[in-house]
Amino acid sequence: MLLKRTLLYLPSQILGPLSQLLAIVLWTFFCSKETIGFVTLVTTQQELTRSIFVTWWSHYLLRFVNDDAVNKSDVLSTNCWYMLLSSVLQALFTVGLLFYILGADINVTLCLVTVMFVVLRSFNQHNLTLAVSNDLTIIFNSLSLIGPVVGLIIGMVLLYFFGDNFVYPILGFAIAEFLSFCLLIFFNRKRTFSFKINHAVFYSAFKFGAPFILSGAFSWLALNIPRYFIEFKLGLGSVGEFAVGFGLGLRAASMASMVVTSAGLPLAIKKMQTEGINSAMNQLSDNFSLLIFVMFPALLGLLAISNDLVVLAIAEEYIKVTLLILPWALLSGGVFAVISHYLYHYFFIVSKTIYIVFLDFFLALITFLLCLYFVDSKGVVGGVMSMAIASLSVSIFLLSYLVIKTEFIFPTIDFCKISIASLFMYFVVIFFSDVFITSPLSVVFDVLVGVFAYSFIVSILYFNKIRLFYSSRYSI
């Protein structure tokens, strides 16, 4: 069931993050460091506004919209009312943050485009949650792909024909999000919308989701404190350098983790609702096994070919700093993915979301304290080092607590097998990395070697499971 659902969501979960990864690469050739820095600050600002105003409500819908204990029509009408209200609040919040970032340099066009992008993207991401909870894979894949993929294409066309400008990348994404919004209206053209608030539903949602407001803000701080440290101490251009190296690592981890998460979490929630805590924990354990099965080799493989890949894909002025940042970015991106898409899911499933607030607070606090030292002493690289050390510390503490004190199940055997296979693949790729001089052919060769090495070891370590799978599938 998990594998089947994962495959249904696969197109958007690969192409969406891949387009964001590609955007970072292409921007290094068409944008100044200041433009890249500004665009990344705007996109992170959108994540903050969504965390404060929308995410808590999205989590409530994902957890309870199909629960027999609630009236679905009341929930959906309250959803329409709240999303309208939140759009106004997000617009006001966005304008305030733009004044903070740009000050006197702000203009009406940039302000309107940014507000359009932020509000529509949050709205569309929220509706992805509804699509997941109702197994609407066509809507989910469509909404997931149009924003990042079409937005990148439109933005790059504008940059190519009209030159470097803060507005063009954001305008491209804003137009794409508007197209997603129009498509969503088309999919729901036969539905009657009600904007009546049910106060009992809203109170219940706020009680469940309020911790996510603080948690989202603290989680955002943990990921973005280094950006603002760097912007304050080193300037907007250095934020652009940071964004390239860190973005590559974070998007790679995101692409690997989202392949599994969209399908896995709803399954665990359903198991909790129908079969109880033990079944839900077994499902969560399976989710993690599939997560690391995809993510570990992806991140270690990217690290193994990073020298050739960065030299070929990134503009020359970014190469040196990207190579310094990327190992730390891959580590922090991978650990953040484990925290967000595995460890935190326990608290989500058992409805103890208040614990996530404290964990994200300490994650942000540790990152802040480390930035005080590392950004001063290591510059741009120090920002990524701070996040990697902080996230690794919190994840080790949290995993230890959950295994010792709760019903949480950690798949130790699968973790060891996948780690062995991934490390074997990494060293094999490193060993063969000098067969060709740096070229697209050398990267393709290294990838094929890595795929073969990983598949070979996995087939040995999981031989019995593979044999049982095929014998049961094709038995007469």
Side-chain angles (χ1 to χ4, degrees), residues 15-47 49 90-91 94-125 142-183 227 230-231 234-248 251 310 312-319 321-322:
L15 295 177
L18 184 61
S19 68
Q20 295 171 330
L21 197 67
L22 184 60
I24 296 169
V25 172
L26 292 176
W27 287 342
T28 65
F29 293 96
F30 291 91
C31 300
S32 65
K33 295 177 181 178
E34 288 73 19
T35 298
I36 296 176
F38 174 77
V39 172
T40 56
L41 287 178
V42 168
T43 54
T44 56
Q45 169 198 315
Q46 184 272 327
E47 292 167 2
T49 56
Q90 288 178 81
T94 299
V95 172
L97 284 177
L98 279 177
F99 272 105
Y100 169 76
I101 295 173
L102 294 176
D105 294 329
I106 194 171
N107 62 72
V108 175
T109 302
L110 183 60
C111 189
L112 289 175
V113 168
T114 304
V115 168
M116 178 181 172
F117 163 71
V118 169
V119 172
L120 288 177
R121 181 163 177 78
S122 294
F123 182 84
N124 291 332
Q125 287 178 323
S142 300
L143 294 180
S144 297
L145 287 175
I146 292 175
V149 176
V150 177
L152 172 61
I153 294 171
I154 296 173
M156 289 308 304
V157 169
L158 293 172
L159 288 168
Y160 181 80
F161 284 104
F162 301 106
D164 183 27
N165 190 298
F166 282 10
V167 175
Y168 295 149
I170 303 299
L171 179 59
F173 288 125
I175 293 172
E177 294 298 341
F178 178 73
L179 294 176
S180 295
F181 174 77
C182 293
L183 184 63
R227 296 182 196 270
I230 292 168
E231 194 271 337
L234 304 174
L236 195 58
S238 295
V239 177
E241 292 179 335
F242 172 87
V244 173
F246 179 65
L248 289 174
R251 296 307 175 191
V310 170
L312 290 170
I314 302 296
E316 187 175 354
E317 61 181 312
Y318 295 91
I319 290 176
V321 68
T322 299

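If you take CD1 on Ile319 and OG1 on Thr28, they are separated by 9.0 Å, rounding to the nearest 0.5 Å. Distance check: Thr43 OG1 to Phe38 CZ gives 10.0 Å after rounding to the nearest 0.5 Å.
With sequence neighbours excluded, no residue satisfies side chain to side chain donor-acceptor pair (under 3.5 Å) with Asn165. Residues passing the side chain to side chain contact (heavy atoms under 4.5 Å, CB included) test with Leu112, sequence neighbours excluded: Val108. Residues passing the side chain to side chain contact (heavy atoms under 4.5 Å, CB included) test with Met116, sequence neighbours excluded: Leu120, Ala174, Phe178. Scored by the side chain to side chain donor-acceptor pair (under 3.5 Å) test, Gln125 finds Gln46, Arg50 as partners (sequence neighbours excluded). Qualifying side chain to side chain donor-acceptor pair (under 3.5 Å) partners for Thr44, counting only residues two or more places apart in sequence or in other chains: none. Every side chain to side chain contact (heavy atoms under 4.5 Å, CB included) that Ala91 has, sequence neighbours left out, goes to Val115, Val119. Residues passing the side chain to side chain donor-acceptor pair (under 3.5 Å) test with Gln90, sequence neighbours excluded: Ser122. Judged as a side chain to side chain contact (heavy atoms under 4.5 Å, CB included), and not counting sequence neighbours, the contacts of Leu171 are Val113, Leu158, Val167, Ile175. Judged as a ring pair (Phe, Tyr, Trp, His ring centres under 6.0 Å), and not counting sequence neighbours, the contacts of Phe181 are Phe123.
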Table please: side-chain donor-acceptor pairs of residues 237-246 below 3.5 Å, with sequence neighbours left out.
from, atom 1, to, atom 2, distance (Å)
Ser238, OG, Leu234, O, 3.3
Glu241, OE2, Lys33, NZ, 2.7

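The salt bridge (charged side-chain N to carboxylate O under 4.0 Å, His left out) pairs that include a residue from residues 166-180 are Arg121-Glu177, where partners are two or more places apart or lie in different chains. Sorted by first and then second residue, the salt bridge (charged side-chain N to carboxylate O under 4.0 Å, His left out) pairs with a member in residues 144-162 form an empty list; sequence neighbours excluded.
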Check your understanding: Please walk me through it: do Phe30 and Asp164 pass side chain to side chain contact (heavy atoms under 4.5 Å, CB included)?
Key -> CA-CA 7 Å; Phe30 291 91; Asp164 183 27; over 6 Å; no
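Side-chain N/O atoms of Ser32 and Thr35 include a donor and acceptor closer than 3.5 Å.
The aromatic rings of Tyr168 and Phe162 sit tilted, their planes meeting at an angle between 30° and 60°.
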